[in-house]
2 protein chains.
Amino acid sequence: MGTEGERMGLRERKKQETRIALSWAAIRLAVERGLDNVRVEDIAAEVGVSPRTFNNYFSSKGEAIAARHQDRARLIAVELRARPASEPLWEAITNAALTQFALGQEGGGEGVPDRQWIDGVRLMITEPSLMGAFSKTAAAAEAELAAAIAERTGTDAALDLYPQLVAGVVGAAIRVAMERWLQADPPVPIAGILRDALHRLFQGLPVP
Amino acid sequence: MGTEGERMGLRERKKQETRIALSWAAIRLAVERGLDNVRVEDIAAEVGVSPRTFNNYFSSKGEAIAARHQDRARLIAVELRARPASEPLWEAITNAALTQFALGQEGGGEGVPDRQWIDGVRLMITEPSLMGAFSKTAAAAEAELAAAIAERTGTDAALDLYPQLVAGVVGAAIRVAMERWLQADPPVPIAGILRDALHRLFQGLPVP
DNA sequence: CGGAAATGTTGCTGAGCGCGCAGCTTGCGG
DNA sequence: CCGCAAGCTGCGCGCTCAGCAACATTTCCG
């Protein structure tokens, strides 16, 4: 699944690589030894760059950790745009969202085990000091999703609040699904939870 | 509207006062001279406490600024619990939310002009470095709201994701309404926007 | 191919922040 | 009225974050 990094010169290539490497390193170290036992210095060393360079990519540890989620969430909007126009809106959104949260099957292909992503998510939701960064990425992703929705439905995002509303709802569904998913003791695939959540919301929130 | 601060000794009283004073001072200064031209030292001085004390109340500038929104959002859950059980759920939630966002009429009674709150909200949404703190408070408020909803509907928040879902939707509506409200050039009362947003969501998100 | 321009990396440095600690002050309850 | 829990404060340390100025390397274009 080549995002768009096919013909972007070796330089750009390398940049993306170190960015991702830094992000994963931050997550891994934070999971292993606890967030505040990890200094920027350590993360940089892990990847083999200077601490200063770390700050060129991310302005904080939290941002580095949240970046993985950021990228993933971004793709929902991209995926939505790629869906055939014939598909009903709800279906398209649901499918778009599910493509990014379907674990177990080949994932992102970057060779990163799902386990690592799971730990990362748990970390972001558990550590209060990360929640800020986490929510921030979610908000950014929602904005992009809103744009995609506006485009698809032909509504003007600046006038009608419909697109932002729908995007917000999707964001809420994802957040809730993630929380529930992490709690589930006999592990359950997140896809099911998310599908259920979206289904309910799109149905019109019937009173139980 | 005495939250619950009637008979809590002078000490506790004073604490709440300085907390709120610090928060408002942070907002006012940040609005006046720009967020990064304000040091913790300045805020503390404004209120007449030591910089060290500021950090006893808030762990960061952002937290101090977001605190005002935090308190306001918290009250939605409280208000919901106070609503008569006879009221339909949607109506109760909408009314509860509106009580906290009805500007123009007597407001919180603390003698703080609405203008200040407006500026504060604008600040939180505008400055990227504040978005984290802002979202964090929103999340906390949503959790409380979810609990209140669970209680009211008799659902178990730990088993059914319905309460969190509804709370998330309300949160999304508030966020969207706020953004739109700040953009509106001929100023429009936020209550109308929020009511509209909630109405649409609770209707079942009809396709436009 | 070769050299200039653009771009990324790095060390250095300084302003701030966040917090633990220890002593002092002050409201609280018996 | 006194002892005590709870706050406030100053001090100090380790860390974060960004600007600046070399330095290295890729890219572009003649």
J.: Output the single nucleotide from D:dT16, C:dG8, D:dC8 whose closest atom is nearest the side chain of A:Lys61.
T.: D:dT16
J.: What is the distance, to the nearest angstrom, from the CG atom on A:Asn55 to the P atom on C:dG14?
T.: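 My rounded result for the distance is 18 Å.
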J.: Could you give the distance from CG (A:Leu145) to CD1 (A:Ile93), rounded to the nearest 0.5 Å?
T.: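 The distance works out to 6.5 Å.
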J.: Toward the 5' end of DNA chain C, which comes first, A:Phe54 or B:Val38, by nearest nucleotide?
T.: A:Phe54
J.: What is the distance, rounded to the nearest whole Å, between atom CD of A:Glu12 and atom P of C:dT9?
T.: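 Nearest whole value for this atom pair: 10 Å.
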J.: Could you tell me how far apart B:Phe58 (CZ) and D:dC8 (P) are, to the nearest whole angstrom?
T.: 12 Å
J.: According to a strict under-4.0 Å criterion, is A:Thr53 in side-chain N/O contact with OP1 or OP2 of C:dT9?
T.: no
J.: Any donor-acceptor pair under 3.5 Å linking the side-chain atoms of B:Thr153 with those of B:Tyr162?
T.: no
J.: Can you tell me which nucleotide in C:dG18, D:dT16, C:dG11 comes closest to the side chain of A:Pro51?
T.: C:dG11
J.: With a 4.0 Å limit, can you tell me whether A:Tyr57 has a side-chain N or O closer than that to the phosphate oxygens OP1/OP2 of C:dG8?
T.: no
J.: Tell me whether the OP1 or OP2 atom of D:dG7 has a side-chain N or O from B:Lys15 closer than 4.0 Å.
T.: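 True: B:Lys15 side-chain N/O within range (under 4.0 Å) of D:dG7 OP1/OP2.
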J.: Round to a whole Å and report the spacing from CG of A:Asp36 to C1' of C:dC17.
T.: 15 Å
J.: What integer distance in Å separates B:Arg19:CZ from D:dC8:C1'?
T.: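 Atom CZ in B:Arg19 sits about 17 Å away from atom C1' in D:dC8.
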J.: Does a side-chain N-to-carboxylate-O contact under 4.0 Å join B:Arg180 and B:Asp196?
T.: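 No.
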J.: Among the candidates C:dT9, C:dC19, D:dG10, find the nucleotide nearest to the side-chain atoms of A:Asn56.
T.: C:dT9
J.: Take the protein atom CD of B:Glu41 and the nucleotide atom C1' of D:dG10, then report the distance between them rounded to whole Å.
T.: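 Taking atom C1' of D:dG10 as the reference, CD of B:Glu41 is at 13 Å.
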J.: Measure CZ/B:Arg11 against P/C:dT25 and give the value in whole Å, please.
T.: 14 Å
J.: State whether B:Arg39 places a side-chain N or O below 4.0 Å from either non-bridging phosphate oxygen (OP1 or OP2) of C:dG16.
T.: yes
J.: Ignoring hydrogens and geometry beyond distance, is the side chain of B:Arg52 in donor-acceptor contact with the base of C:dG18 at under 3.5 Å?
T.: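 Checked by distance alone, the answer is no.
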J.: How many Å lie between NZ on B:Lys14 and C1' on C:dC28, as a whole number?
T.: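 Taking atom C1' of C:dC28 as the reference, NZ of B:Lys14 is at 17 Å.
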J.: Consider side chain to side chain contact (heavy atoms under 4.5 Å, CB included). Of B:Ile190, B:Ile76, B:Ile193, B:Leu198, which one does B:Ile174 pass it with?
T.: B:Ile76
J.: Do B:Arg175 and B:Phe134 make a side-chain contact, defined as non-hydrogen atoms from C-beta onward lying under 4.5 Å apart?
T.: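 Yes, at least one pair of side-chain atoms sits under 4.5 Å.
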